[in-house]
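Okay, structure first, notes after.
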Amino acid sequence: MNGTSHTTHDAMEDARNRDIKIYINGALFDRAQARVSVYDSGFMLGDGMWEGLRLYNGKWAFFDEHMDRLFNSCKAVSIDIGMTREEIRQALDHTAQANAMTSDAHCRLMVTRGPKDKPFQHPGLSRSGPTVVAIIEHSKPASGLLSSGIRLATVPQVRGLPTSQDPKFNSHSKLNCIIASLQAEQAGADEALMLDPQGFVNTTNACNFFIVRQGEVWTSTGDYCMNGVTRQKVIDLCIENDIPLKEKNYSLYEAYGADEAFLTGTFGAQTPVAEIDGKKIGAVSGAGPRTRQIRELYRQLVDNHVKGAS
């Protein structure tokens, strides 16, 4: 494979990010001074959950859906966030305002079990409460992503069973996806296309995955992938706008023969896929007609949501 490697999270350079304020446990710190303990359970064990949120015109898009996932995930692993949803919103708003951000900003909100008394695994050793961090950066997706698309390589690393580590957790424990990303890089691709335990097409290492065949939009069953907020919005938009949609098991055979393919995520919304395992997807470069239609519907959805947000 030829060409410069990039990812779905490539952003335009913005010098303002060198001097941002970062939220840690109720206080703001200069980026150079923002620190958490080496005893923190997130650093030591990847014991925590996170959310990626995007700021549009002073409003956090689909904030409630992101909080549903965060609070459900933390409850499932017995992490007490120690904040209400409204307190989290206020913290994010305060941090954005301190950085003079109103739009084109991306937040990584992280919650860990907190510092441990001793450097061992047992969660009971985290006795002083959670660590809550919000990093908000000025962030616009690189313009070339829409024109050139992402190159995927199918990798041996799979998304596992819920009884190992449920992929629905947006956890700090991302080693599975990091290994997949390394395997894709070694194959000369930008990102990894990961299969489920049965060998069906599932997701990428960083985003949810869709294909388009003869006008129909296909995605996985969702059983083995992180059920992204943007993924669900695309599913809902297809249903509401009479776009044929299938949530189903499908193989690489169908993916290779797709007319279009795209990735979904909070950062890039819908990013076109240019090729899979060296096989060109679609007849045109960049986003195909169905992907462009969904991108426009999603843009309208975000605009309406932001206007109606309190």
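Between the Ser41 side chain and the Gly114 main chain, a donor and an acceptor come within less than 3.5 Å of each other. With hydrogens and angles ignored, the 3.5 Å screen pairs no side-chain donor or acceptor of Asp14 with any backbone N or O of His138. For Glu87 (side chain) and Thr84 (main-chain N/O), a donor-acceptor pair under 3.5 Å exists by modelled atom type. At least one donor-acceptor pair closer than 3.5 Å links the side chain of Thr219 to the backbone N or O of Phe209. The closest donor-acceptor contact from the side chain of Ser164 to the backbone of Gly160 lies at 3.5 Å or more, if one exists at all. Judged by distance alone, the side chain of Arg292 and the main-chain N or O of Ala287 form a donor-acceptor pair under 3.5 Å. Put simply, the side chain of Asn208 gets close to the backbone of Met226: a donor and an acceptor are under 3.5 Å apart. Judged purely by atom type and a 3.5 angstrom limit, Asp166 uses its side chain to pair as donor or acceptor with the backbone of Lys168. With Asp242 contributing its side chain and Glu240 its backbone, the two residues share no donor-acceptor pair below 3.5 Å.
When every heavy atom of Pro130 is checked against every heavy atom of Asn25, the shortest pair comes out as O-OD1, 3.7 Å. Here the shortest heavy-atom pairing between Lys116 and Pro123 reads NZ-CA, 4.1 Å. When all heavy atoms are compared, the tightest approach of Ser171 to Gln165 is OG-NE2, 3.3 Å. Nearest heavy-atom pair, Arg151 versus Gly188, reported as atom, atom and distance to 0.1 Å: NH1-O, 3.5 Å. Across all non-hydrogen atoms, the minimal contact from Ile281 to Ala255 is CD1-O, 3.6 Å. Taking all atoms of both residues into account, the shortest heavy-atom contact from Ala192 to Ser181 is CB-N, 4.3 Å.
Lys233 forms a cation-pi arrangement with Phe62, by the criterion of a distance under 6.0 Å to the ring centre and an angle within 45° of the ring axis. With Phe29 as the aromatic partner, Arg35 does not meet the cation-pi criteria of under 6.0 angstrom to the ring centre and within 45 degrees of the ring axis. By the 6.0 Å and 45° rule, Arg54 does not stack over the aromatic ring of Trp60.
Note on Asp93 versus Arg89: no salt bridge recorded, every NZ/NE/NH1/NH2 to OD/OE distance being 4.0 Å or above. The pair Glu254-Arg213 does not count as a salt bridge, with every side-chain nitrogen at least 4.0 angstrom from each carboxylate oxygen. Note on Arg113 versus Asp80: no salt bridge recorded, every NZ/NE/NH1/NH2 to OD/OE distance being 4.0 Å or above. Taking the charged nitrogens against the carboxylate oxygens, Asp196 and Arg159 have no contact shorter than 4.0 Å, which rules out a salt bridge. Classification of Lys279 and Asp277 as a salt-bridged pair fails, no side-chain N sitting under 4.0 Å from a carboxylate O. Between Arg31 and Asp19 there is no salt bridge, since no side-chain N of the basic residue sits under 4.0 Å from a carboxylate O of the acidic one.
Heavy-atom neighbours of Lys140 NZ from other residues, nucleotides or ligands within 6.0 Å: at or below the threshold of 12. Within a 6.0 Å radius of OH in Tyr56, more than 12 heavy atoms belonging to other residues, nucleotides or ligands are found. Atom NZ of Lys75 is surrounded by 12 or fewer heavy atoms from other residues, nucleotides or ligands within 6.0 Å. Atom CD of Glu296 sits in a crowded spot, with more than 12 heavy atoms from other residues, nucleotides or ligands closer than 6.0 Å. Applying the 6.0 Å contact sphere to CD of Glu86 captures more than 12 heavy atoms from other residues, nucleotides or ligands.
Under the 4.5 Å side-chain heavy-atom criterion for grouping Ile, Leu, Val, Met, Phe, Trp and Tyr, Trp218 is connected to Ile150 within one hydrophobic cluster. Residues Phe200 and Tyr256 do not share a hydrophobic cluster, clusters being chains of Ile/Leu/Val/Met/Phe/Trp/Tyr side chains in contact below 4.5 Å. Tyr250 and Leu152 fall within a single hydrophobic cluster, where Ile, Leu, Val, Met, Phe, Trp and Tyr are joined by side-chain heavy atoms under 4.5 Å apart, directly or via other members. Val158 and Met194 fall into different hydrophobic clusters, where Ile, Leu, Val, Met, Phe, Trp and Tyr residues are linked whenever their side-chain heavy atoms come under 4.5 Å apart, directly or through other members. A single hydrophobic cluster is not seen to contain both Leu125 and Tyr39; linkage of ILVMFWY side chains at heavy-atom distances under 4.5 Å, directly or through other members, places them apart.
Between the CG atom of Asp40 and the OG atom of Ser126 there is a distance of 7.5 Å, given to the nearest 0.5 Å. Taking CD of Gln157 as the start and CG of Leu193 as the end, the distance is 13.5 Å to the nearest 0.5 Å. Here Leu53 contributes atom CG and Glu65 contributes atom CD; the two are 10.5 Å apart, rounded to the nearest 0.5 Å. The CG atom of Asn17 sits 7.5 Å away from atom OG of Ser139, with the distance rounded to the nearest 0.5 Å. Rounding to the nearest 0.5 Å gives a distance of 9.5 Å between CG of Asn205 and CG of Asn176. Atoms CG and CG, from Leu297 and Leu301 in turn, are 9.0 Å apart once rounded to the nearest 0.5 Å.
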Original post:
Where do Cys238 and Val217 land on the side-chain contact (heavy atoms from CB on, under 4.5 Å) test, with the steps shown first?
Top reply: CA-CA 8 Å; Cys238 287; Val217 177; 4.1 Å; yes
**OP:** Kindly indicate, with the supporting measurements, whether the criterion side-chain hydrogen bond (donor to acceptor under 3.5 Å, both in side chains) is fulfilled by Gln198 and Asn249.
**Re:** CA-CA 9 Å; Gln198 283 73 48; Asn249 289 325; over 6 Å; no
**OP:** Run the numbers on Thr221 and Glu247 for side-chain hydrogen bond (donor to acceptor under 3.5 Å, both in side chains), then give the verdict.
**Re:** CA-CA 5 Å; Thr221 62; Glu247 295 177 73; over 6 Å; no
Subject >> Worked check of side-chain contact (heavy atoms from CB on, under 4.5 Å) between Val234 and Gln270 >> reply: CA-CA 9 Å; Val234 168; Gln270 296 81 35; 3.6 Å; yes
Subject >> From CA spacing to verdict: side-chain contact (heavy atoms from CB on, under 4.5 Å), Met110, Val36 >> reply: CA-CA 12 Å; Met110 296 169 279; Val36 296; over 6 Å; no
**OP:** Carefully, step by step, assess Tyr224 and Leu161 under the rule side-chain contact (heavy atoms from CB on, under 4.5 Å).
**Re:** CA-CA 7 Å; Tyr224 301 102; Leu161 294 166; 3.8 Å; yes
Subject >> Derivation of the side-chain hydrogen bond (donor to acceptor under 3.5 Å, both in side chains) call for His66 and Glu51 >> reply: CA-CA 7 Å; His66 283 286; Glu51 286 293 323; 2.8 Å; yes
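Residues Thr154 and Ile276 form a side-chain contact, since some pair of their non-hydrogen atoms from C-beta on lies under 4.5 Å apart. Taking the side chain as every heavy atom from C-beta outward, Arg231 and Phe210 approach each other to under 4.5 Å. When side chains are defined from C-beta on, Ile81 counts as touching Leu70, because their heavy atoms get closer than 4.5 Å. At a threshold of 4.5 Å between non-hydrogen side-chain atoms, the residues Ser220 and Thr203 do not count as touching. The side-chain heavy atoms of Ile136 and Leu55, taken from C-beta on, include no pair separated by under 4.5 Å. Between Trp50 and His172 the shortest side-chain heavy-atom distance falls below 4.5 Å. By the 4.5 Å heavy-atom criterion applied to side chains, Cys107 and Leu92 are counted as neighbours. Counting heavy atoms from C-beta on, the side chains of Gln183 and Pro156 come closer than 4.5 Å.
Outside the 6.0 Å centre-distance limit, the rings of Tyr23 and His94 are not counted as a close aromatic pair.
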